[in-house]
Amino acid sequence: MSEYLSRLNPEQRAAVETVDGPLLVLAGAGTGKTRVLTTRFAHILMTRRAFPSQVLAVTFTNKAAKEMRERVAAILGEPAEGLWLGTFHALCARMLRRHAELVGLQSNFTILDTDDQMRLLKQIMSAANIDAKRWTPQVLMATIQRWKDRGLVPSGITAAEDVDFANGRARELYAEYQERLRQVNAVDFGDLLLHVTQILQHHADVLADYHRRFRYILVDEYQDTNTVQYLWLRLLAQRPQGQDQNICCVGDDDQSIYSWRGAEIENILRFEKDFPGATIVRLESNYRSTRPILGAASHLIANNAGRMGKTLRAGRNDADGEQVQVVSLWDSEEEARMVGDRIEQGQRKGHRLSEMAILVRAGFQTRAFEERLITLGVPYRVVGGQKFYERAEIRDAMAYLRVLNQPADDLAFERIVNTPKRGLGDTSIRSMHALARAENKPLVVAAWRMIETGAVRAKPKQALHELLEGFARWRAALPHEGHVVVAATLLDESGYTEMWKQDKSPEAAGRLDNLKELLRALGEFETLAGFLEHVALVMETDEKADADRVSLMTLHAAKGLEFDTVFLPGWEEGLFPHQRALDESGDKGLEEERRLAYVGITRARKHCIISNAANRRIYANWTSQVPSRFLDELPEAHVTRDGGAGNHRNKMAAAPSAFAGQFPLVARKPRVIEAGAWEVAERPARSAGIPVGQRVFHQKFGYGTVIAADDNRLDVEFEHAGRKRVIDTFVEKA
DNA sequence: ACCGGCCAGATTTTT
DNA sequence: TCTGGCCGGT
């Protein structure tokens with residue numbers, strides 16, 4: 001037996017060796033999904049069932065694609081060349097470049113970023129006289145994206161579906177948007193899938209060609225596919241009667257957390273119907289986490305209806321371990337202190353910071369933890385957040401490069417024509433637009449025309465002339481000077497770098513560094529066009545995961561990662577589950593939130609600490625928070641509860657737990673420390689019951705008398721500020 | 001053409 | 001509380 005097969009357990013082997021016919025692999029968290037996928041890929045090649053170019057392997061992220069490529073190469077013992085392995089978008093971009101003319105594009109089309117899309121939509125909306133206050137371009141963009149996710153072209157949208165926006169004009173605006181994109185030879189992300197699907201549907205010869213080419217199809221994270229991705233896959237996988245449909249989809253319905261982006265969990269639930277005769281293999285042996293962690297996660301997710309059904313078993317020999325801990329705290333600041341303290345304790349025990357993570361529901365939550373970690377001097381990194389290629393200076397520079405590459409890229413030209421300021425305001429740009437539209441020519445052509453005809457004032461005219469001549473010069477220099485040198489020259493001569501050198505804001509220096517980094521990245525590509533394609537599709541730089549740092553990120557960003565220790569703060573109603581998910585999607589929304597909780601817990605290998613705060617500052621004021629219903633859904637057998645502060649939901653938890661004190665980490669120590677040493681001046685007494693009639697002092701409102709008390713909230717008649725409701729920890733007895 | 005002040009909004013975001 | 005987008009003044 002081949003060596004690579006011997007390393008698999010029986011269920012994994014079944015998933016690898018079932019090569020012919022449709023196969024769905026339901027892979028629970030930590031069950032070796034990636035190993036199965038890559039081994040299967042290699043197995044197909046090793047057994048000579050197909051050449052590398054005859055396998056189509058699709059992922060959602062570039063990271064996953066990269067990892068698969070590397071691991072397949074490792075098994076094969078040589079770099080895997082000529083593969084069709086990549087993200088949905090990258091593969092579609094590749095296909096679309098080959099057949100662009102079938103949808104009215106040229107093969108050198110531009111892939112727009114969201115800024116460009118937004119600008120285009122704003123133009124279209126204002127041209128259509130839509131009240132931008134009532135109907136925002138953001139909403140229109142989301143609407144169009146959702147249609148594209150569903151594989152709908154403008155003509156495919158029924159009037160009934162078009163009622164939400166601008167009195168049923170969204171469809172018309174969508175059509176106009178698509179038309180404008182075609183005029184500027186550009187596509188947005190959604191178009192990559194949409195156009196290719198259209199091509200495959202309407203051009204039998206093209207489809208037949210891909211059918212001949214792809215003998216095996218592998219799909220990762222199938223639970224996250226949206227409708228258009230599903231259609232695309234089905235078109236490629238479906239074969240005439242009698243031929244095997246060799247499609248293998250790997251996924252986990254319990255980890256579907258992207259419905260708000262158009263993902264359809266139904267796709268995975270419906271697999272057997274879509275592909276009759278499909279085999280289903282379940283991977284349930286978890287090699288990542290301890291038994292209590294698996295027990296907690298399984299018990300929680302069992303509250304969801306409509307699952308494929310799957311039970312995680314502990315596959316590790318050392319699976320016994322510490323209970324999952326639920327810690328209830330007074331407020332969000334105390335929560336941050338608790339997490340910070342435990343991180344320090346872990347550090348003292350020799351745990352690596354890179355093996356600890358704080359996973360939050362919403363981005364704003366990271367701030368409290370950042371502040372705390374800074375105070376403690378604990379290095380951390382925030383994963384996600386603003387990406388390199390989303391920064392303004394990078395987008396500007398990219399726009400310059402796009403114009404250099406393709407003069408007809410109107411959106412890019414528009415972005416930089418007055419950046420840095422060249423005295424070209426609204427008026428000049430609008431007349432430039434008008435001319436371009438009238439003659440159906442790109443903006444640059446219109447700009448030249450305006451210079452020739454003197455349709456602009458002297459000052460803007462000269463600035464424009466200088467810019468256009470610059471582009472001609474830089475473009476001419478490309479062949480002999482190379483793209484890196486030309487790019488550097490361009491940024492200097494256009495005045496762009498000078499703009500940031502003049503800028504006195506504290507970020508300016510960093511921006512100049514980023515521009516240097518951009519040039520370095522550009523140097524790794526042989527052509528400018530290749531670089532632009534890469535940036536449009538990848539949108540991330542290779543992160544150097546060098547230093548030993550705590551990771552801070554959203555639960556969404558954490559999918560697919562794992563850590564020894566995971567902190568899951570903020571388990572409070574309204575925050576997690578998030579109110580908006582409940583409002584907008586009801587029970588479905590709740591179930592997705594629960595899956596998110598499941599994803600969070602299953603990131604942990606050994607220690608999982610869940611917390612909630614009774615009070616949290618949201619925007620300006622303190623709000624009292626009800627503990628999350630998910631806390632009640634955790635099984636007592638695997639959970640230790642500590643700290644009753646404000647735990648209204650579960651009275652039992654307020655009583656000392658039978659396990660309290662058994663583990664050093666569970667002790668109430670953190671709270672004792674903070675009470676004595678932290679913010680004593682500002683936050684003196686923990687209420688300890690302030691009686692009605694008590695005279696009190698408040699930092700902001702001054703002196704007053706308590707007239708009513710309701711749990712932790714006090715109604716106080718202040719001598720100067722009047723009657724206010726305050727949280728009791730904010731006052732002291734006077 | 002540009003700057004400063006005011007008001008609304010504030011989840012998640014693989015490409 | 002903080003930020004970003006829009007409007008009105010210079």
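Below, chain A is the first sequence line, B the second, and so on; all start at residue 1.
Each of B/dT12, B/dT11, B/dA1 was ranked by its minimum atom distance to the side chain of A/Ser428; first place goes to B/dA1. The side chain of A/Tyr258 has B/dT14 as its nearest neighbour among B/dT11, B/dT14, B/dC2. Of the candidate nucleotides B/dT12, B/dT14, B/dT15, B/dT15 has the atom nearest to the side chain of A/Thr87. Across B/dT12, B/dT14, C/dC2, the shortest atom-to-atom separation from the side chain of A/Arg367 is found for C/dC2. Distances from the side chain of A/His89 to the nucleotides B/dT11, B/dT15, B/dA1 place B/dT15 closest. Listed nucleotides: B/dT14, B/dC2, B/dT13. Nearest to the side chain of A/Thr554: B/dT13.
For B/dT15, the OP1/OP2 oxygens have no side-chain nitrogen or oxygen of A/Asn226 closer than 4.0 Å. Contact annotation: A/Asn62 reaches the phosphate of B/dT15 (side-chain N/O to OP1 or OP2, under 4.0 Å). A close approach under 4.0 Å does occur between a side-chain nitrogen or oxygen of A/Thr427 and OP1 or OP2 of B/dA1.
In this structure, A/Glu592 pairs ionically with A/Arg595, as a charged nitrogen and a carboxylate oxygen lie closer than 4.0 Å. Salt bridge status for A/Lys63 with A/Glu67: absent, with no side-chain N to carboxylate O gap under 4.0 Å. Salt-bridge check for A/Glu264 with A/Arg150: failed, with every basic side-chain N at 4.0 Å or more from each acidic carboxylate O. Looking at A/Asp220 and A/Lys33, a side-chain N of the basic residue comes within less than 4.0 Å of a carboxylate O on the acidic one, giving a salt bridge.
Heavy atoms of A/Asp224 sit under 4.0 angstrom from at least one base atom. Using a 4.0 Å heavy-atom criterion, one finds that A/Arg617 contacts no nucleic acid atom at all. Contacts of A/Gly560 with the nucleic acid, taken as non-hydrogen atoms under 4.0 Å apart, are absent. Using a 4.0 Å heavy-atom criterion, one finds that A/Lys559 contacts no nucleic acid atom at all. Looking at heavy-atom distances under 4.0 Å, A/Gln138 makes no contact with the nucleic acid at all.
The same atom, P, is picked in B/dT13 and in C/dC2; the two are 22 Å apart, to the nearest Å.
Ring orientation note: the planes of A/Phe576 and A/Trp571 are nearly perpendicular, at an angle over 60° on the 30°/60° scale.
The interatomic distance linking A/Leu91 (CG) with B/dT14 (P) rounds to 19 Å, in whole Å. As a whole-Å value, the separation of A/Leu582 CG from B/dT12 C1' is 14 Å. The nearest whole Å value for the distance from the OH atom in A/Tyr389 to the P atom in B/dT15 is 13 Å. Separating the CZ atom of A/Arg422 from the P atom of B/dC2 is a distance of 12 Å, rounded to the nearest angstrom. With rounding to whole Å, A/Ile618 atom CD1 is found 15 Å from C/dC2 atom C1'. As rounded to whole Å, 15 Å separates atom P of C/dT3 from atom CZ of A/Phe364. In this structure, A/Lys461 atom NZ and B/dA1 atom C1' are separated by 20 Å, rounded to whole Å. For the pair A/Met118 CE and C/dC6 P, the interatomic distance rounds to 10 Å; values are reported in whole Å.
Annotation: of the two residues near DNA chain B, A/Leu424 and A/Glu390, the 5′-most nearest-nucleotide partner is A/Leu424. Between A/Phe189 and A/Ala362, the residue anchored closer to the 5' end of DNA chain B is A/Ala362, taking for each the nucleotide with the nearest heavy atom.
Both thresholds, 5.5 Å between centres and 30° between ring planes, are not jointly met by A/His578 relative to the base of B/dT12, so the two rings are not stacked. Both geometric conditions, a ring-centre gap below 5.5 Å and a plane tilt below 30°, are fulfilled for A/Trp260 over the base of B/dT12.
A distance below 6.0 Å separates the ring centres of A/Trp260 and A/His556.
Side-chain contact between A/Trp232 and A/Met95: present, with at least one pair of heavy atoms (C-beta onward) separated by less than 4.5 Å.
Taking only distance into account, the side chain of A/Arg261 meets the base of B/dT15 through a donor-acceptor pair shorter than 3.5 Å.
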